[in-house]
Undergrad: 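Following this message is one structure expressed as structure tokens.
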2 protein chains.
Amino acid sequence: MIVEIDVEAPLPPYEQLRTQIAALIRTGELKEGVRLPSIRQLAGDLGLASGTVARAYRELESAGYLRGRVGHGTVVRAIPEMTDKERDTRLAEAARAYATAVRELGVDLDAALLAARRQLAG
Amino acid sequence: MIVEIDVEAPLPPYEQLRTQIAALIRTGELKEGVRLPSIRQLAGDLGLASGTVARAYRELESAGYLRGRVGHGTVVRAIPEMTDKERDTRLAEAARAYATAVRELGVDLDAALLAARRQLAG
DNA sequence: CTGAATGTATCAATATATTAATACACCAGG
DNA sequence: CCTGGTGTATTAATATATTGATACATTCAG
């Protein structure tokens, strides 16, 4: 599994890990049923404490991405379902944050949409 | 001046204050030359400590929105100039953050752009 | 049955962010 | 001159987030 942790980054390691694993599952690079490295294994590889990796796994399990069982290890589940309502809510939140940043920069609508399109495409 | 501080919000008070004042200046509700309430005055009104308001003012001064002088008070400056390069960089950053959130939600391009347009328009 | 490997849970330690308090230096007005 | 109001700077206190360490319970392999 390809994950990179940058301890200098503004995001804490457990959050970087969570995001990256979620992305790997979303994109299909990690398919349902695949077993992830054990907590201690991954912690050792990345130079993190077990608790840090455990936290990332735990949150991913709460979100439905993973399923961990004692003795078995941690396995990828199907990409979690999300109600339309929840997705809309979270999308609106993200869009609102983007809009706030755009306004503070004094960028006009078209430029803002173009920038978003570029990032979404790439 | 109309500002609202919600101590329950995830953003700390000094950041809420900074953002709101910046927005007021951006939108022209606070024009160049207008004198803001004194630090102690505003802190008293909002129920915050002087240091908290001072921090918001200080950061706004660094960004070029305000100009504070001892004895005079704090006054609105012109909307700060920003190089095209810097604006592009920060816009790209914001767009990238939005794109990351969108991908994690599994939303397609058109829906994401529509959501952004809605928030930017409103 | 035994042991090693697994995820889980809990707590202490640390770092960071944020706030609050205090003292300081400066300016305007009377 | 001097008093009250101003922003500035520094420091301590607090809260929060994050990590690290440890003990625990379960599972599988042999």
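Heavy-atom basis, side chains included; hydrogens, waters and symmetry copies ignored. Quick note on labels: first sequence line is chain A, next is B, and so on, each numbered from 1.
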Undergrad: I need the CG-P distance between B/L48 and C/dA20, as an integer number of Å.
TA: 7 Å
Undergrad: What's the spacing between A/I5 CD1 and A/L17 CG if we round to 0.5 Å?
TA: 5.0 Å
Undergrad: Between B/S38 and D/dT6, is there a side-chain N or O to OP1/OP2 distance below 4.0 Å?
TA: yes
Undergrad: How about B/Y14 and B/E59: do any of their side-chain heavy atoms sit closer than 4.5 Å?
TA: yes
Undergrad: What is the separation between atom CG on B/L17 and atom P on C/dA20, rounded to the nearest whole Å?
TA: 13 Å
Undergrad: Remember a base hit wins even if backbone is also touched, and classify A/R67 as base, sugar-phosphate or nothing at under 4.0 Å, heavy atoms.
TA: nothing
Undergrad: Between P on D/dA17 and CG on A/L11, what's the gap in Å once rounded to a whole number?
TA: 14 Å
Undergrad: Test your reading of the model: is there a side-chain donor-acceptor pair from A/T52 to the backbone of A/L48, 3.5 Å cut-off?
TA: no
Undergrad: Hey, are B/R18 and B/E15 close enough for a salt bridge, meaning a charged N less than 4.0 Å from a carboxylate O?
TA: yes
Undergrad: Report the C-alpha distance between B/R35 and B/T74 in whole Å, list the side-chain angles of each, state the deciding distance to 0.1 Å, and finish with yes or no for side chain to side chain contact (heavy atoms under 4.5 Å, CB included).
TA: CA-CA 6 Å; B/R35 182 175 176 281; B/T74 301; over 6 Å; no
Undergrad: Under a 4.0 Å N-O cut-off, is there an ion pair linking B/R87 with B/D84?
TA: yes
Undergrad: Tell me: OH of B/Y14 to P of C/dA17, nearest whole Å?
TA: 8 Å
Undergrad: Could you tell me the separation between the CZ atom of A/R35 and the P atom of C/dT6, rounded to a whole number of Å?
TA: 6 Å
Undergrad: So, using side-chain contact (heavy atoms from CB on, under 4.5 Å) as the criterion, who are the partners of A/R77 when residues are at least two apart?
TA: A/R67
Undergrad: Could you go over nucleotides 8-16 of chain C and give all protein N or O partners under 3.5 Å, atom names and distances?
TA:
unit_1 : atom_1 : unit_2 : atom_2 : d
C/dT8  : OP1    : A/E61  : OE1    : 3.4

Undergrad: Roughly, in whole Å, what's the span from CG in A/L66 to P in C/dT6?
TA: 16 Å
Undergrad: Could you list the protein-to-nucleotides 28-30 of chain C atom pairs, N/O on both sides, closer than 3.5 Å?
TA:
unit_1 : atom_1 : unit_2 : atom_2 : d
C/dA28 : OP1    : B/H72  : NE2    : 3.1

Undergrad: Ignoring backbone atoms, test whether B/T52 places a side-chain nitrogen or oxygen under 4.0 Å from the OP1 or OP2 oxygen of C/dA20.
TA: yes
Undergrad: Rounded to whole angstroms, how far apart are CG on A/L42 and P on D/dG20?
TA: 13 Å
Undergrad: In Å and rounded to the nearest 0.5 Å, what is the CD to CD distance from A/Q20 to A/E4?
TA: 7.5 Å
Undergrad: A/Y98 side chain to A/A112 main-chain N or O, any donor-acceptor pair under 3.5 Å?
TA: yes
Undergrad: Distance check needed: C/dA5 C1' versus A/L36 CG, whole Å only.
TA: 16 Å
